[in-house]
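Read the structure below first, then the notes.
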There are 2 protein chains.
Amino acid sequence: MIRKTNRKSLVEQVAEQMEHLIEQREWKVGEKLPPEMELMEEFDVSRNTLREAIRALVHAGLLETKQGSGTIVRSTSVLGAALERHIKKSTMLETLEVRLALEKQAAQMAAEQRTEADLAMIKTYIDRSKNASVNQDLDQFIASDIQFHKTIVQASGNQLLVDLYEHMTDILYSFVHDFMVMKPSFPLEQEVHLGLFEAIQKQDENSAASYVEHDMEVLKENIITMMEE
Amino acid sequence: MIRKTNRKSLVEQVAEQMEHLIEQREWKVGEKLPPEMELMEEFDVSRNTLREAIRALVHAGLLETKQGSGTIVRSTSVLGAALERHIKKSTMLETLEVRLALEKQAAQMAAEQRTEADLAMIKTYIDRSKNASVNQDLDQFIASDIQFHKTIVQASGNQLLVDLYEHMTDILYSFVHDFMVMKPSFPLEQEVHLGLFEAIQKQDENSAASYVEHDMEVLKENIITMMEE
DNA sequence: CCATAAAATTTGTAGGATGATTGGGATATA
DNA sequence: TATATCCCAATCATCCTACAAATTTTATGG
């Protein structure tokens, strides 16, 4: 039997390797890549081939080149970069609506099939955010808040859902951060979080969904009033 | 005042133009592009520059090059291609779950803010699918069924939601097609569709959501049993 | 120490040369 | 005619060298 020519082009091979290095954080975000000459030797390809590979990742949003300076890592995920570019055209509000649609679905699925380990992890982040709230540590609060939400989505067991949600959260991070700095609503948040946790624990899908929905409504209203100011 | 160096790299300019040509369907999917020599003249750039631009779009999934043959258009959207690549790693079931999460959200939003024009359009596709059902025209039925769902999502007014949903639908098209060929459930579908339509018309969010949810459950069960066979 | 100029580094663009693969047309053969 | 094979032109893949443009680093003069 003759093997089909599955021989990928050199460019794609190099691009793939670089993508892998980025994904595995061996080349970290913000870091500068070795110059072209070194990479040529490292991958053992010509300058053209190397440059085409680099250009592919630049266009995808993973790298950024600056003439005279070098090439730096800009993002770690193709899907994330694609979403980011797309989301810039949409409004923040639209993005939040989609993100919370995903979370609502995730919460229902999580309620259905959460394990004890899931529950324990969710509880951990609730406790952490409570501590942060007591200590008035805003950064810590935001971090554990985001982790809380991510953990619920992870408990859904749907990897596509997880990826989309996390990318959106990452993209919205700076926005959410600014928002929470301006309007820190610790007690309300915690009440909702505890309610959501209990709903998932009791495997009450509807209740879980409506807690998330409630969260969404509050957030939307706050953002709208914030934008009007 | 000195203008900032808004001079994008030549490669990005060429890539942008090509992307635009593809998006505007001037270069159609499946069609062959002019050979490199011609494109070099047309864009007035060197071979390297042109090739880097092409490679960027190849990597993004919009183009496909075949040595000795030429370059053809493969897809029309960056987000679509990125999702497609990502979705191949996920299971069909996961993708469907996400897609229907988006639709559920869209149905609620549509119920809230649908216009008369939206309703008219939705009704149109219901009628079309009814006709197709009477005439036993499966392709027509599937087409109008998909349009029916898309129209509801469009009525949500959230462009990001629309884009994500449509890309997922496109990607799943062949799968859904095969599925419906195997298990054509005309009457049931229509009942649900009519119910969903009326819920949106009456602006009953909860009812709209639960119709979609019901749709999801039926679909999931069917797929699971289909996979077991 | 600081400002400025020169040098080195690094990416951007151009053009040419050769190899590899494909597709189609010409040719030969049954 | 039909078919199989070979050959060639078209096309992309890779490599090479050269120079331009932008940035960073180093050297220099005060």
Side-chain angles (χ1 to χ4, degrees), chain A residues 1-19 21-22 27-75, chain B residues 1-19 21-22 27-75:
Chain A
M1 169 193 172
I2 297 171
R3 258 241 299 292
K4 258 195 184 166
T5 51
N6 59 353
R7 177 179 157 228
K8 278 182 190 168
S9 78
L10 263 184
V11 175
E12 280 302 322
Q13 287 181 49
V14 173
E16 207 170 277
Q17 284 188 64
M18 295 202 297
E19 217 166 321
L21 286 171
I22 294 169
W27 289 348
K28 287 167 192 164
V29 173
E31 242 177 41
K32 192 143 67 178
L33 269 60
E36 290 179 352
M37 296 299 280
E38 278 182 43
L39 293 176
M40 283 167 63
E41 289 186 10
E42 199 161 328
F43 290 116
D44 192 30
V45 293
S46 76
R47 181 138 181 254
N48 278 346
T49 304
L50 175 70
R51 280 184 60 80
E52 285 185 26
I54 289 176
R55 183 63 58 191
L57 301 195
V58 167
H59 189 79
L62 269 66
L63 296 179
E64 182 176 343
T65 57
K66 260 205 323 213
Q67 190 176 180
S69 170
T71 304
I72 63 169
V73 180
R74 211 177 155 286
S75 172
Chain B
M1 167 191 169
I2 297 172
R3 261 240 298 288
K4 257 198 180 168
T5 52
N6 60 352
R7 177 177 158 228
K8 276 184 191 168
S9 82
L10 263 184
V11 175
E12 278 304 320
Q13 286 181 49
V14 173
E16 207 169 277
Q17 285 187 62
M18 294 201 299
E19 216 165 324
L21 285 171
I22 294 169
W27 288 349
K28 286 166 192 165
V29 173
E31 241 177 41
K32 194 145 65 178
L33 269 60
E36 289 180 351
M37 296 298 283
E38 278 182 43
L39 292 176
M40 282 168 64
E41 289 187 9
E42 199 162 328
F43 291 116
D44 191 32
V45 294
S46 77
R47 176 117 192 275
N48 281 340
T49 303
L50 176 70
R51 279 186 60 79
E52 284 184 25
I54 289 176
R55 181 65 56 188
L57 301 196
V58 167
H59 189 79
L62 269 65
L63 296 180
E64 182 176 343
T65 58
K66 253 200 334 204
Q67 192 175 185
S69 168
T71 305
I72 63 169
V73 180
R74 209 178 158 285
S75 171

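Just so we're clear, the structure is a prediction, and the values are computed from it rather than from any experiment. A note on names: the letters A, B, ... follow the listed sequences, proteins ahead of strands, and every chain is numbered from 1.
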Handout entry: Those residues that, when tested against B:Thr71, pass side-chain hydrogen bond (donor to acceptor under 3.5 Å, both in side chains) (two or more places apart)
Key = none

Handout entry: For B:Lys66, side chain to side chain contact (heavy atoms under 4.5 Å, CB included) partners two or more places apart
Key = B:Ser69

Exercise for the section: Return the set of residues passing side chain to side chain contact (heavy atoms under 4.5 Å, CB included) with B:Ala53 (not counting sequence neighbours), or none when no residue passes. Expected result: B:Val11, B:Val14, B:Ala15, B:Met18

Practice task
Determine whether any donor atom in the side chain of B:Glu12 lies under 3.5 Å from an acceptor atom in the base of C:dG12, or the reverse, and answer yes or no.
Solution key: no

List, with names and distances, any nitrogen or oxygen atoms from the protein found under 3.5 Å away from nitrogen or oxygen atoms belonging to nucleotides 24-26 of chain D.
none

Taking atom [atom1] of [X] and atom [atom2] of [Y], what is their separation to the nearest 0.5 Å?
X: A:Arg51; Y: A:Ser46; atom1: CZ; atom2: OG; answer: 11.0 Å
X: B:Leu62; Y: B:Ile22; atom1: CG; atom2: CD1; answer: 5.0 Å
X: B:Leu57; Y: A:His59; atom1: CG; atom2: NE2; answer: 5.0 Å

Rounded distance in Å - [atom1] ([X]) to [atom2] ([N]):
X: A:Leu10; N: D:dA13; atom1: CG; atom2: P; value: 11 Å
X: B:Glu38; N: D:dC12; atom1: CD; atom2: C1'; value: 14 Å
X: B:Gln13; N: C:dG12; atom1: CD; atom2: C1'; value: 12 Å
X: B:Met37; N: D:dA13; atom1: CE; atom2: P; value: 15 Å
X: A:Gln67; N: C:dT10; atom1: CD; atom2: P; value: 14 Å

Completion exercise
Residue pairs meeting salt bridge (charged side-chain N to carboxylate O under 4.0 Å, His left out), one or both in residues 53-65 of chain B, sequence neighbours left out, come to A:Glu52-B:Arg55, B:Glu64-B:Arg74

Practice task
Return each pair, listed once, that meets salt bridge (charged side-chain N to carboxylate O under 4.0 Å, His left out) where at least one residue sits in residues 37-47 of chain B; pairs must be two or more places apart or across chains.
Solution key: B:Glu36-B:Arg47

Fill in the blank from the handout: Residue set satisfying salt bridge (charged side-chain N to carboxylate O under 4.0 Å, His left out) with B:Glu31, at least two apart, ordered chain then number -> none

Handout entry: By salt bridge (charged side-chain N to carboxylate O under 4.0 Å, His left out) - contacts of B:Glu12 (at least two apart)
Key = none

Completion exercise
Residues in residues 49-65 of chain A with a heavy atom under 4.0 Å of DNA chain C, by number, are A:Arg51, A:Arg55, A:Thr65

Exercise for the section: Enumerate the residues from residues 39-47 of chain A whose closest heavy atom to DNA chain D is under 4.0 Å, giving them by residue number; use none for an empty result. Expected result: A:Val45, A:Ser46, A:Arg47

Exercise for the section: Considering just the side-chain nitrogens and oxygens of A:Thr71, establish if one lies under 4.0 Å of OP1 or OP2 belonging to C:dT11. Expected result: yes

Exercise for the section: Between B:Glu36 and B:Asn48, name the one whose nearest nucleotide on DNA chain D is closer to the 5' end. Expected result: B:Glu36

Exercise for the section: Would you check if A:Val73 and A:Leu33 make a side-chain contact, meaning some heavy-atom pair closer than 4.5 Å? Expected result: yes

